[in-house]
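Take a look at the structure below.
A quick note: this is a predicted structure, and the numbers were derived from the prediction, not measured. Here is how names work: the chains are called A, B, and so on, in the same order as the sequence lines, proteins then strands, and each is numbered from 1.
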Protein chains: 2
Amino acid sequence: MKFEATTIKDIAKALGLSTSTVSRALRDSYEISEETKKLVLECAEKLNYRPNPIALSLKERRSRSIGVVVCEIANNFFSQIINGIESVAYERGYNVIIAQSHESYEREIMDLQFLASRSVDGLLISVSTETNDTAHLKSLHDRGLPIVFFDRILEGLETHSVGVDNFKGAYEATEHLIKSGYKRIACLTNSEYLSISNERLTGYKEALLSYKMNVKENYIQHCFYGGMIFSEVEEAVNKLFTQKQKPDAIFTTSDKLTTGCLKTLHRRGLKVPADIALVGFSNSDIAELLHPALTVVRQPAYEMGRAATELLLQQIESKRPIKQFEKRVLLPELTIRHSSTPKIS
Amino acid sequence: MKFEATTIKDIAKALGLSTSTVSRALRDSYEISEETKKLVLECAEKLNYRPNPIALSLKERRSRSIGVVVCEIANNFFSQIINGIESVAYERGYNVIIAQSHESYEREIMDLQFLASRSVDGLLISVSTETNDTAHLKSLHDRGLPIVFFDRILEGLETHSVGVDNFKGAYEATEHLIKSGYKRIACLTNSEYLSISNERLTGYKEALLSYKMNVKENYIQHCFYGGMIFSEVEEAVNKLFTQKQKPDAIFTTSDKLTTGCLKTLHRRGLKVPADIALVGFSNSDIAELLHPALTVVRQPAYEMGRAATELLLQQIESKRPIKQFEKRVLLPELTIRHSSTPKIS
DNA sequence: TTTATTTACGCAATCGTTGCCGATAACGTG
DNA sequence: CACGTTATCGGCAACGATTGCGTAAATAAA
């Protein structure tokens, strides 16, 4: 099964011209007479000619495609990010090739191999939870592949990056719980490898300290796979309830952790917020429909995707290597709903 | 900024061989001595050689990439589908290029242009809600581009297709409402252009008729943009409540319609299911956490994506044009939760 | 020893496009 | 008339990899 498209040769043959002339006529070169140009253009139209991007890629050594690596597509936050990425890429005539790491370092390396071998012009990546070194990225980057980090950012590689103010998001969420009267606030967070985990965790801790509350390590649970595996979340939540002093609120630091946590609380028959309050990072657009309506920290995912892609394309299309790298930080937004209703005590 | 990869020429030069010999050695041709092969292989390893897929594409007239057109990525159902698509494509060494139609016919045509010009080897498409003819697809299909429909299937084009038994899903959902004691069951559905809408609507109607209940046209509301635009859903729901006989249950036929409907009911201050029951198609994985826990018809989205991609790749890689087309129909699953609790009357 | 066969490799064309150079004709200039 | 200029166009090579064909050398067969 082949798909035969008309080439510049077909036009040349039809008009008795050379391919060079046709090529130039199509690119509106000054060397070609208006008459010939018109002929060529008409013929191209008639034969429905489309330049072959593959041939162009080969010649120009660029593919006009960018690679995107995320842990999962089926995740509100990332699908919204991809939406933003796709919108800019589309505007600028670029393909988006998507790969999922499924939170596996090994798979991430395979993804990069794959994307590099497909000659992507640039890379947008939110690293997997297992990733704690930059070796695999560095080798590509050193060979000249533009890379932009988004969401999960790795130190040790000089590139652009786009994220949110994780500290602020976490601080405000925790502060909100404190101000709502909660005294024993636990935190469910991702792998310690991830920059975002640590920033959010720090925000949580700082908020507690600001209000003269203790940071209890027992109240901090790490879920290595960040909610991708439900049983892990369930176990972490259960651990929180083995404490002598049971927490009266939980702050969760990612989308799947938040929903996973809520699910576990439901299964344990706990009432939110009566028995325990819940505030979490989430980009679900039905947070208000949850039981109870969820207080969430929402990230501007679409804008993050757009910003990251703009930075990447700017770098790809830059004539000179870029030395000055930008770290763009957007603001998360706290939306207060019922899951953190002020405590009655 | 360029990304220089090692080519077959570099190996040839390094070893004092011709490119043909290197090429053949790498492909383990019988014409090359074991000795030379070993040299070449070692050198390729050392220089970290990766064949340039663009050059291969140009020569073999295939790009090893497939195009996917959906209305929206940021939608549970479609992101799960894409997950399935990506999994098969990755296994088989294909790229996935994603385009969104945003439910616009015009945008869909542009997407197809774009994908065709990027020389995709095949196309997976769930048409936009505005699409009601096959002209744009037919011209590509006639020129030999393999196409597989999924979810939303268009008549008038002989291709493979993958969907669910929409009739059954809708029938069972409606039947469940009937058996739960609901008497005035309304239906919120998508554009009449879409095959899935009609099949689901028919399932709804047939269920009513089977139980000797009237089909009231006033109880059927079409949302042209299928929930993509919230205000449309809100308006449709509000219309249902202007009836003299207000409905006591709503059946919604797609993911965003279901959540949009629930959101509207919340805003109107209606209790579900006490004031009105709700059952809908949805692939949200937090349906059980909604208020109330939602009774849903869930489609095996991941499997649909996998099946569609397998059919497409089979067609792409087939030597002879395929004459016999398959319509693969998977089974949706009804999960009963609280939003359709038996009526107390 | 001569001829046939095998082994192992190189040359060149090809995919579609463009850049560089060269060619040709018409025309103007001194 | 000789030469330079300009306008228009064609030929060739190259991007990276594959492949049909040709061929030299080595080996086997006659």
Quick one: [X] [atom1] to [N] [atom2], roughly how many Å, whole number?
{"X": "A/Arg62", "N": "D/dG16", "atom1": "CZ", "atom2": "P", "result": "16 Å"}
{"X": "A/Leu47", "N": "C/dG16", "atom1": "CG", "atom2": "C1'", "result": "15 Å"}
{"X": "B/Ile32", "N": "D/dG20", "atom1": "CD1", "atom2": "C1'", "result": "14 Å"}
{"X": "A/Arg24", "N": "C/dG19", "atom1": "CZ", "atom2": "P", "result": "9 Å"}
{"X": "B/Leu17", "N": "D/dT18", "atom1": "CG", "atom2": "C1'", "result": "16 Å"}
{"X": "B/Glu60", "N": "C/dC15", "atom1": "CD", "atom2": "P", "result": "14 Å"}
{"X": "A/Leu15", "N": "D/dT8", "atom1": "CG", "atom2": "C1'", "result": "15 Å"}
{"X": "A/Lys37", "N": "D/dT8", "atom1": "NZ", "atom2": "P", "result": "9 Å"}

Applying a 4.0 Å non-hydrogen cut-off, can you work out what [X] is touching in the nucleic acid: base, sugar-phosphate, or nothing?
{"X": "A/Thr36", "value": "sugar-phosphate"}
{"X": "A/Ile54", "value": "nothing"}
{"X": "B/Arg50", "value": "sugar-phosphate"}

[X] has a side chain; which of [options] sits nearest to it?
{"X": "B/Asn52", "options": "C/dT17, C/dC9, D/dG16", "result": "D/dG16"}
{"X": "A/Leu56", "options": "C/dT17, D/dA17, C/dC15", "result": "C/dT17"}
{"X": "B/Lys9", "options": "C/dG19, D/dG16, C/dC9", "result": "D/dG16"}
{"X": "B/Lys59", "options": "C/dC9, C/dC21, C/dC15", "result": "C/dC15"}

Fill in: Side-chain donor/acceptor of A/Arg61 to base of D/dG16, under 3.5 Å
no
Worksheet item: Within the modelled atom types, does a donor on one side and an acceptor on the other bring the side chain of B/Ser20 and the base of C/dC11 under 3.5 Å apart?
Response: yes
Worksheet item: Counting N and O atoms only, with roles assigned by atom type, does the side chain of A/Glu103 sit under 3.5 Å from a partner on the main chain of A/Thr129, one being a donor and the other an acceptor?
Response: yes
Worksheet item: Just by distance, do the side chain of B/Ser161 and the backbone of B/Phe149 share a donor-acceptor pair under 3.5 Å?
Response: no
Would you say [N] has OP1 or OP2 under 4.0 Å from some side-chain N or O of [X]?
{"X": "A/Arg27", "N": "C/dT18", "value": "yes"}
{"X": "B/Thr19", "N": "D/dT18", "value": "no"}
{"X": "B/Ser23", "N": "D/dT18", "value": "yes"}
{"X": "B/Tyr49", "N": "D/dA17", "value": "yes"}

Worksheet item: Are any of the side-chain heavy atoms of B/Tyr49 and B/Leu26 separated by less than 4.5 Å?
Response: yes
Worksheet entry | Residue mapping more 5' on DNA chain C - nearest nucleotide basis, B/Ser18 or A/Ile8 | B/Ser18
Practice prompt. Select from A/Ala55 and B/Thr21 the residue whose nearest nucleotide in DNA chain C is closer to the 5' end of that strand.
Written response: B/Thr21
Item to complete: State whether B/Glu310 and B/Arg306 are salt-bridged, where the test is any N-O pair (Lys NZ or Arg NE/NH1/NH2 against Asp/Glu carboxylate O) under 4.0 Å.
Response: yes
Worksheet entry | Short side-chain donor-acceptor distance under 3.5 Å, B/Glu108 and B/His136 | yes
Worksheet item: Taking the six-membered ring for Trp, are A/Phe325 and A/His160 parallel (under 30°), tilted (30 to 60°) or perpendicular (over 60°)?
Response: perpendicular
